[in-house]
Amino acid sequence: MSDQNEDVQVLDVVIVGAGAAGIRQLVRLRERGIDARILEAGHGAGGTWYWNRYPGCRLDVESYTYQYFFSEELLDGWDWSEEFAGQPELERYFNHVVDRFGLRNRIDFGTRVRSMRWDEEGRVWTTTSDDGRVYRSRFVVTAVGILSAPQFPNVPGLEEFSGEWYHTGLWPEAPVDLTGKRVAVVGTGSSGIQVVPVAAETAAHLTVLQRSPNWCTPLNNRPMSAERMREIRARYDEIDDIVNRRSASGFMHLGPSEGSILDLGPGARREFLEELYNESGMTMLYKNFPDVTKDLEANRVVNDYLASKIRERVNDPETAERLIPKDHGFAMKRPPMETGFYEAFNRDNVELVSLLEQPMVRFTPTGIQTTEREIDVDVIIIATGFDAVTGSFLRMDVTGVDGVALGDVWDAGPSTYLGVGVPGFPNLFIAGGPQSTRGNIPRFIEVQADWIAEAISSLDPSAETRIEATAEAAKAWSDHVAAATGKPIFLETTSWLLGTNVPGKAAAVLVGSDALADYRDLLTATALDDYRGFEIDRARQPGIAVSS
Ligand code: NA7
């Protein structure tokens, strides 16, 4: 491509986002000699692990299953220091990958994408940043993350608060010192549950404002000894096979594929669940009997067990009761992993406020007002999550064929073909977005990034190829995603997985639930069948100047 306007950067591919998906996408495209560049709003690489630098932030997926698997050299050259790495280590890891593959000069940091417009005449995307930089590219790949558009409490007054406030997903790079301060944490999802025990150690007083309690299980993290790391490294082929092929969701924990927890007697049930509770990570979910996420009676067995653990660990019975979920069963929302969360409430300086009993009314100049009291604090930590999966797309102004806005097309929920293409938005691919699959996120991101790189290189970005998912294919895929996920037990609650955590957002199945191996096979089969479900036009020849 060429362009007369020197201020416009002309590329084969613009990738939006330098998180796990964007970095992987850039590696794969560069390997194929494709002129690609990442535009990243942050001032560093790592995506989630750049933005979420709040105290206590860490993986709840085993470090060695979360990393990239595409390069043996990368696997051999990185030692994890903990079973579940903390944010600083993950940020270091993604920067290590960027440098190892010489990508740093291919990333424009501090570049937030404001708009992306498809020009049908020129068959080109024009991407504009907030600070007015313009990029033109034959293809765009969005790698904007599914948990990256922060959501704030829907009460007024935050701008009037005279103390410090931080959203966990927008945590500043400069250290935040909570020592001796009165701190409030709003929200008890995975982020709030991680921050609470750490903040409790230094804050003079910590008020935890909880709306819905969650079913948490212990992370049981531990340092990674050199010997354990050697042992893991020696097993990478086996681990690769488990997380990338055998496990439906990309985890090490393989549970019984059939049978019922209800077949065990009461003593055996407790023994079985106790074993899972004492293991690490997501064992309670993934190593459990399949019926605990499908059958309400089986689900109740787990709920009763977990409630008994909360009562065991929290000294004050009233606080314990407030921490026990009554509105949903285990795994109906993504269950958080905790490290000393429940014990934090046994400290004298920690107090739990139930927003179900006294809803939040507003922020005030000195803190937070509920229907019953004023809570004066020096620091407010907002851990109210994200406008998940689609929020990160829709905060960019993306327009496709005939100037149609993605926000309008996805008004009632996202519709994609295989989670990678959207009808009406030619030459736009998605790495890490709606309707792909779920679980250990980098596992399906690597599948998508490989597929997208292959598609773009086979379509020749220097020619004026046009590829667009058909409306029929996207409809069939969206129906499939909804049907595959439509287990009643899962749909009974509000959750970011359904968009129901955001007031006014249409409820929809935002993420798919195909097994990772099936999803990969489907993408591969589609490519082998000349990108079945996409309309491809290879008719035009290269060389036409990109119109402005
Ligand atoms: P989550 O899991 O969406 O949790 C958000 C928390 O904030 C949750 O406890 C919410 O309560 C609470 N919340 C949301 N809005 C409000 C308002 N308006 N007032 C009070 N409390 C509110 O986000 P996280 O950041 O913790 O975790 C997101 C994912 O990141 C997680 O699943 C992992 O995959 C990593 P609610 O349950 O809605 O009543």
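Order of listing sets the numbers, starting from 1, for every ligand and every atom in it.
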Would you please indicate if the ring centroids of Tyr166 and Trp171 are separated by under 6.0 Å? yes

Please verify the inter-ring angle class for Tyr305 with Tyr277; under 30° counts as parallel, over 60° as perpendicular, anything in between as tilted. perpendicular

Determine whether any heavy atom of Asn154 lies closer than 4.0 Å to an atom of ligand 1. yes

Do me a favour and list the nearest non-hydrogen protein atom to atom 23 (O) of ligand 1 with residue, atom name and distance? Gly385 CA, 3.2 Å

Would you call the rings of His96 and Trp78 parallel, tilted or perpendicular, taking 30° and 60° as the class edges? tilted

Can you find an N/O atom of Gln151 closer than 3.5 Å to an N/O atom of ligand 1? no

Which option out of His167, Arg334, Arg211 puts a heavy atom nearest to atom 16 (C) of ligand 1? Arg211

Report, in ascending order of atom number, the atoms of ligand 1 lying under 4.0 Å from any heavy atom of Trp496. 2 (O), 3 (O), 28 (C), 29 (C), 31 (C), 32 (O), 34 (O)

Are Met360 and Arg211 close enough that some pair of their side-chain heavy atoms sits under 4.5 Å apart? no

Which residue owns the protein heavy atom closest to atom 12 (C) of ligand 1, what's the atom, and how far is it? Gly187 CA, 3.8 Å

Considering only distance and modelled atom types, tabulate donor-acceptor pairs under 3.5 Å from the side chains of residues 40-48, sequence neighbours left out.
{"from": "Glu40", "atom 1": "OE1", "to": "Ala18", "atom 2": "N", "distance (Å)": "2.7"}
{"from": "Glu40", "atom 1": "OE2", "to": "Gly42", "atom 2": "N", "distance (Å)": "2.6"}

Please classify the Ile193 to ligand 1 contact at 4.0 Å (heavy-atom distances, strictly less than): side chain, backbone, both or neither. neither

Residue portion contacting ligand 1 (non-hydrogen atoms closer than 4.0 Å) for Leu147: side chain

shortest atom 31 (C) of ligand 1-to-protein heavy-atom contact is with Ser190 OG, 3.4 Å

For the rings on Phe363 and Phe161, is their centre-to-centre separation under 6.0 Å? no

How close does the nearest protein non-hydrogen atom get to atom 20 (C) of ligand 1, and which residue and atom is it? Leu355 CD1, 3.5 Å

Closest to atom 6 (C) of ligand 1 among protein heavy atoms sits Ala383 O, 3.4 Å

May I ask you to identify the nearest protein heavy atom to atom 4 (O) of ligand 1, giving residue, atom name and distance to one decimal place in Å? Gly189 CA, 3.4 Å

For ligand 1, is Gln210 a contact, meaning one of its heavy atoms is under 4.0 Å away? no

Against heavy atoms of Lys333, which atoms of ligand 1 measure under 4.0 Å? 37 (O)

Is it the case that ligand 1 has an N or O less than 3.5 angstrom from some N or O of Thr188? yes

For atom 13 (N) of ligand 1, what is the nearest protein heavy atom, given as residue, atom name and distance? Thr384 CG2, 3.6 Å

Phe289 and Phe272 aromatic ring geometry - parallel, tilted or perpendicular at 30°/60° bounds: tilted

Should Glu201 and Arg347 be marked as a salt bridge (Lys or Arg N to Asp or Glu O under 4.0 Å) after you check the CA-CA gap, both sets of side-chain angles, and the distance that decides it? CA-CA 9 Å; Glu201 281 172 19; Arg347 299 174 65 114; 5.3 Å; no

Checking Arg92 against Phe94: charged group under 6.0 Å from the ring centre and within 45 degrees of the axis? no

In terms of residue, atom name and distance, what is the protein heavy atom nearest to atom 39 (O) of ligand 1? Ser212 OG, 2.4 Å

If you round to the nearest 0.5 Å, how far is CZ of Arg520 from CZ of Arg245? 5.0 Å

Should Met360 be listed as contacting ligand 1, given a heavy-atom distance under 4.0 Å as the test? no

Between Phe393 and Trp410, does the ring centre distance come in under 6.0 Å? yes

With heavy atoms only and a cut-off of under 4.0 Å, state how Ala388 meets ligand 1: side chain, backbone, both or neither. neither

Do Phe152 and Trp165 have their ring centres less than 6.0 Å from each other? yes

